Amino acid sequence: LASSEDTGVEPSSTPFINMHVSLTVYQLQQEAPRPKRITCPQEMESRPKYYGREFHGMISRDYADELLAGTEGAYLIRESQRQPGTYTLALRFGHQTLNYRLFYDGKHFVGEKRFESVHDLVTDALITLYIETKAAEYIAKMTTNPIYEHLGYTSLLKDKMVHRLSRGRTEPRRVTFQRDEKISSPLVRRSALKDTPEKQCSYEKIHNFKVHTFRGPHWCEYCANFMWGLIAQGVRCSDCGLNVHKQCSKLVPSDCQPDLRRIKKVFSCDLTTLVKAHNTTRPMVVDMCIREIELRGMKSEGLYRVSGFSEHIEDVRLAFDRDGEKADISASAYADINIIAGALKLYFRDLPIPVITFDLYSKFIQAAKLPNAESRLEAIHEGLLQLPPAHYETLRYLMAHLKRVTMFEKYNLMNAENLGIVFGPTLMQPPEQNALTTLNDMRQQKLVVQLIIEHEDVLF
């Protein structure tokens, strides 16, 4: 347990609601029985090297019960008589002996939590058992009256984010596609806006919770209740730092506001996480690279098809990861525009979730296989509307840029089909990462991107 010097708690992690009862739970943790090791009087040759004198060899349950009788918190380890080679932790609590199958994989565990020593495991188990026994009703009601929505900093961040993003956001339009019989070209379409509700666009992001061990007393930022235990008392969002009970993490809304101090890099970072951390509608990599390309590269022959030097592209990646929006990608730093184009493609390839997300991949592939042109566009449009908002906005901006690239085809020799070949496998990847699937779907990948470029003014 934490020492008396290490009990400082940050103000933001100590809500005042339910504090009296939470302090009671904290007091219960302090009152929990302490572990008492029952040592074996003789040395056991069969003792595994990761156990100490608490190992008693192959003894029966009844004999273990006799050895532990009358001492709350007493414990020992025995080898199973029914299954030799497996081990049981026998623990005295509540005037009875509890038996748990004990495992070791470099750390000791009986459940999800893993411990450096059996002593720590028993300490944590006694705290949990004691609190769950003494405050069972209170624990059951913990999440029924959460204080999460009332926390000042949470509400403030949420309001600020909604306000900032609403100013620069383009709402998706829902459209239908019809053949205009008066126009001879089958590629020319007119779009009619449906009188249907538009997709509500909000940059929601789920929290990235991971099990965490807190030093000193800590309170859940969802329910305001004490987080008990010796280790792994709860979970912490690795993107925004929110600390909650594991059971409360399932109830926290998808309103993670990533903290820039926790975002270690730009490339290979989840797209929504990056834009929320920087309070932007799109990743700064996309904006900066496209701006530079449109400034000095639109007439470059083979733009996006010709590769820049991989070492220089890696330099650009490192510059963004190190300097963020202050990265220098100007002509004075990288005269070859193909390096900037290559860095942009690399950014999209390295996304943990592609711009066209894994769960929508098959929808777009099936759309490309439809024989009717209008049906294809309708299906692609429906798929676009289902993209996460940050993905939608990023794809919209990129497709508008690629459409402008095709306007310089006379110089750069890049039409929508050529760009589709380049960007198809970059923007969409099969969820199973199967090489054969990717090979079979290349034609559809190319067609999806080609159609979105050609009809970007209608699809978005």
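Everything numeric here is computed off the predicted structure, so don't read it as measured data. All heavy atoms count here, side chains included; hydrogens, waters and symmetry mates do not.
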Exercise. Does some side-chain heavy atom of Leu447 sit less than 4.5 Å from a side-chain heavy atom of Gln450?
Worked result: yes
Exercise. Under 6.0 Å from the NZ atom of Lys369, do we count more than 12 heavy atoms belonging to anything else shown?
Worked result: yes
Problem set entry | Within 6.0 angstrom of Arg443 CZ, more than 12 heavy atoms from elsewhere | no
For this session: Indicate the ring-plane relationship of Phe214 and His218, choosing parallel, tilted or perpendicular according to the 30° and 60° boundaries.
Result: parallel
For this session: May I ask you to establish whether Arg282 and Tyr397 are in a cation-pi arrangement, using a distance under 6.0 Å from NZ or CZ to the six-membered ring centre and at most 45° from the ring axis?
Result: yes
Problem set entry | Side chain proximity check, His401 to Met298, heavy atoms < 4.5 angstrom | yes
Exercise. Do His108 and Asp120 have side chains that get closer than 4.5 Å, going by heavy atoms?
Worked result: no
Exercise. Going by heavy atoms in the side chains, are Leu395 and Ile356 under 4.5 Å from each other?
Worked result: yes
Exercise. When the aromatic ring centroids of Tyr87 and Tyr51 are compared, is their separation below 6.0 Å?
Worked result: yes
Exercise. Arg296 side chain to Ala335 main-chain N or O, any donor-acceptor pair under 3.5 Å?
Worked result: yes
Exercise. Between Phe103 and Phe109, what is the ring plane arrangement, given parallel below 30°, perpendicular above 60°, and tilted in between?
Worked result: parallel
Problem set entry | His245 side-chain N/O to Gly234 backbone N/O, donor-acceptor pair under 3.5 Å | no
For this session: Indicate yes or no: at least one non-hydrogen side-chain atom of Gln29 is less than 4.5 angstrom from one of Ile131.
Result: yes
Problem set entry | Validation row: Met399, Leu402 side chains within 4.5 angstrom (heavy atoms) | yes
Exercise. Is the count of non-hydrogen atoms from other residues, nucleotides or ligands lying under 6.0 Å from Glu112 atom CD greater than 12?
Worked result: no
Exercise. What class does the angle between the rings of Phe267 and Phe320 fall in, given that below 30° is parallel, 30 to 60° is tilted and above 60° is perpendicular?
Worked result: tilted
Exercise. Can you tell me if Ser300 uses its side chain to pair, donor with acceptor, with the backbone of Leu303 under 3.5 Å?
Worked result: no
For this session: Check whether more than 12 heavy atoms from other residues, nucleotides or ligands sit under 6.0 Å from atom CD1 of Ile206, and answer yes or no.
Result: no
For this session: Decide if atom NZ of Lys403 counts as having more than 12 heavy atoms of other residues, nucleotides or ligands within a radius under 6.0 Å.
Result: yes
Exercise. Are Met284 and Val266 close enough that some pair of their side-chain heavy atoms sits under 4.5 Å apart?
Worked result: yes
Problem set entry | Close side-chain approach of Asn412 and Glu301, heavy atoms under 4.5 Å | no
Exercise. Would you say Lys276's side chain and Cys256's backbone share a donor-acceptor pair under 3.5 angstrom?
Worked result: yes
For this session: Over 60° means perpendicular and under 30° means parallel, so classify the ring planes of His207 and Phe209, tilted if in between.
Result: parallel
